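Just so you know, residue 1 is the first one in the sequence shown, and it goes up from there. Given the structure is predicted, the values throughout are model-derived calculations rather than measurements.
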Amino acid sequence: MVDKPVAGPARDPREGLRRYSQLLLRKVEEAKEVHAEARKRVEMVSAVLQPPAGDGFLESDGVRKTHEYTQAEIVKHLDVGSKAKVFDLDLHFGPYQSSVDPSGKRVLMYGKKGHLAILDLHSMKLECEINVMQSVRCAALIANQDMFAAAQKKYTYVYDRAGTELHKLKDTVEAFSLEYLPFHHLLVSASRREIRWRDVTYGDVIASHKFEFPNAMCMQQNPRNAVMHVGHSSGQVTLWTPNIPEAAITMQCQHAGIAAMAVDGFAMATSSVDGRWRLWDLRMMDRVSSSGTFGGAVCSMSFSQTGLLSVCNSHMVRVFRNLNHSEPELYLKHRIIGEDIVSAQFRPFEDFCILGRSGGISTLVVPGAGKAHFDSFADNPFATKGQKRESIVKSVLDKIPADMISIDPDMIGKIDPNVKMDEFGNPQEPLPPADKQQKKKKVRQNSVRKSKISSRLKSKAAKSQNEMREKRQAAAKRVAAEREAAKKRNAEKEAGSAHDQEKPKDQQEWGPLARFAKKSRTS
């Protein structure tokens, strides 16, 4: 006989809950450890990626101001890599000016007496050097720095990186300024009387506009919207786009002629030949501040990536910051004895400014002038040959049409909710605001037939009304014409009766046979 199993002690239900809670607590602790480790990694990466405190600007010690420090004192405290980027070239075909590519790797140096050269600023190697034996007004790097254009004595020429002449632009005559729009692949040239846009992908002129005001003196592009700012001898600045034959905006910026100009997004700086220079806010088209220089007119102005402004006149270059204030703060200044400073261009992603002077090219150290990090998909100064080739193809495929250049680039892509489009994409009459729109009544299925019949009747009634209106108009025109004809006839009758009264009595009696009656009487 088999004994029946005896039930043991019952399991405590709280035991399972305790084990489950312990398991949850263990998972929470593991998650906290993972979160703490991830936070440490994020802090380490952010410490590397974020710029240092103060954005690398030069700070004073409380005794001397920042503009009192000389370049020799600043260079003394640079690291070895930064010291290698400081150079001073003495050349003999000046005065010299420079044009830096968007990546900050190459610089195009050109002298007024025909000297053209491209210098690699990383390796300090000369990539190209030619002398065109003509005066050079201006030059610019184009097409991803594989070519450059030079406005010479009369015509504008295009050369490759080896110095070989590729094109001669005979329709661009006596250009004093050249600008290249990289996202639109347009070469913009300005002469005293006109501005011209040329597509470098296939070489045709997109647009050419005549200036309303005479004697254009300088031209700069706005990197935010690709609008061209042109300064005139009358002190006015005009804004031009290729899709508008007239100036989009005209501003009276100076009392004398515009000598130099710089544009950066919403900020614009202008200077006149009388030595005055001003800062403008392009969002309100209003002046922010005004200042003056001593020692001659301003010949060159340039903005850095961090908002610094360089102002060159005669043998002095000054760098200002805090431009939003009523009085900008003088940050640095540098004097070159015995030579005139012609131009100043900031290097992107570097704390250097390239000075063009009458006897060559020099470098000015400006702490905090460049951004610390760059976008490798846009402007990569360390791109390989394959990356450059791919970037050229991608930029041509993503080329922005010239018709999309406008003063407000943010308006492109927006939809106006108050405009109704038909089936062909043409705008119809604007809809009333949402609060005034009447709610549409739901149409029942039973009333579909009635609505069709009513619509037909309405269309017939409208057609008959139009016909009646046309008939009334035609009748009114006919009555008016008959009245005019009657007036003319009455006027002719009155004129005839007055003429008959002036005739002799014998002519009045005989009428049209009076001449015959007169002959008979004489006979």
Side-chain angles (χ1 to χ4, degrees), residues 42-88 100 104 121-122 262 264-269 271 277-279 281 288-295 298 300-313 315-337 341 343-355 357 362-375 379 381:
V42 169
E43 290 177 355
M44 293 173 59
V45 173
S46 61
V48 174
L49 294 180
Q50 288 181 355
D55 295 333
F57 287 110
L58 184 65
E59 301 294 339
S60 65
D61 54 1
V63 180
R64 302 170 61 188
K65 296 183 179 181
T66 55
H67 63 84
E68 296 178 357
Y69 289 93
T70 62
Q71 285 293 304
E73 295 175 345
I74 297 175
V75 172
K76 188 187 300 182
H77 294 84
L78 295 179
D79 59 292
V80 178
S82 299
K83 286 183 179 180
K85 299 177 183 178
V86 180
F87 62 90
D88 190 359
V100 187
L121 297 175
H122 288 180
D264 183 22
F266 297 110
M268 180 178 68
S271 65
W277 61 275
R278 296 174 178 176
L279 289 173
D281 189 352
V288 178
S289 63
S290 178
S291 183
T293 59
F294 302 96
V298 176
S300 177
M301 307 180 80
S302 176
F303 280 104
S304 71
Q305 292 180 325
T306 56
L308 300 179
L309 175 65
S310 66
V311 179
C312 303
N313 70 301
H315 56 277
M316 177 73 72
V317 55
R318 297 177 177 86
V319 181
F320 294 87
R321 65 177 177 180
N322 298 331
L323 304 178
N324 296 329
H325 299 181
S326 58
E327 294 184 1
E329 178 187 354
L330 180 59
Y331 180 51
L332 287 176
K333 65 179 181 180
H334 180 62
R335 184 193 304 270
I336 299 179
I337 300 175
I341 300 176
S343 68
Q345 292 289 330
F346 285 99
R347 282 185 60 183
F349 312 108
E350 296 286 351
D351 293 343
F352 296 97
C353 181
I354 299 178
L355 303 179
R357 48 192 175 84
S362 301
T363 303
L364 178 69
V365 182
V366 184
K371 291 183 178 180
H373 308 287
F374 58 88
D375 186 2
D379 299 321

Between [atom1] of [X] and [atom2] of [Y], what distance do you get to the nearest 0.5 Å?
{"X": "E329", "Y": "R321", "atom1": "CD", "atom2": "CZ", "result": "4.5 Å"}
{"X": "Q305", "Y": "D264", "atom1": "CD", "atom2": "CG", "result": "9.0 Å"}
{"X": "S290", "Y": "W277", "atom1": "OG", "atom2": "CH2", "result": "8.5 Å"}
{"X": "D88", "Y": "I336", "atom1": "CG", "atom2": "CD1", "result": "7.5 Å"}
{"X": "S60", "Y": "K65", "atom1": "OG", "atom2": "NZ", "result": "9.0 Å"}
{"X": "L279", "Y": "E327", "atom1": "CG", "atom2": "CD", "result": "12.0 Å"}

- Item | Ion pair D351/K85, N-O distance below 4.0 Å |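 Result for this pair is no, no salt bridge flagged.
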
- Message: Checking the side chain of T66 only, and the main-chain atoms of L58 only, is there a donor and an acceptor separated by less than 3.5 Å?
- Response: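 Absent.
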
Closest non-hydrogen atom pair between [X] and [Y], with its separation:
{"X": "S310", "Y": "A344", "answer": "OG-CB, 3.8 Å"}
{"X": "L332", "Y": "P367", "answer": "CD1-CD, 3.9 Å"}
{"X": "P328", "Y": "L323", "answer": "CB-CD2, 4.0 Å"}
{"X": "F352", "Y": "S82", "answer": "CZ-O, 3.5 Å"}
{"X": "K333", "Y": "H67", "answer": "CG-O, 3.6 Å"}
{"X": "V288", "Y": "N324", "answer": "CG1-O, 3.9 Å"}

Quick one: does [X]'s side chain get under 4.5 Å of [Y]'s, heavy atoms only?
{"X": "F320", "Y": "L330", "result": "yes"}
{"X": "I341", "Y": "S300", "result": "no"}
{"X": "V365", "Y": "Q71", "result": "yes"}

- Item | side chain to side chain contact (heavy atoms under 4.5 Å, CB included) assessment of V319 paired with H334 | CA-CA 9 Å; V319 181; H334 180 62; over 6 Å; no

- Task: Please state whether the rings of Y331 and F57 are parallel, tilted or perpendicular, taking 30° and 60° as the class boundaries.
- Result: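 Rings of Y331 and F57: perpendicular, as their planes differ by over 60°.
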
- Query: Is the NE2 atom of H122 crowded by more than 12 outside heavy atoms at less than 6.0 Å?
  - Reply: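 Atom NE2 in H122 is packed in, count exceeds 12.
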
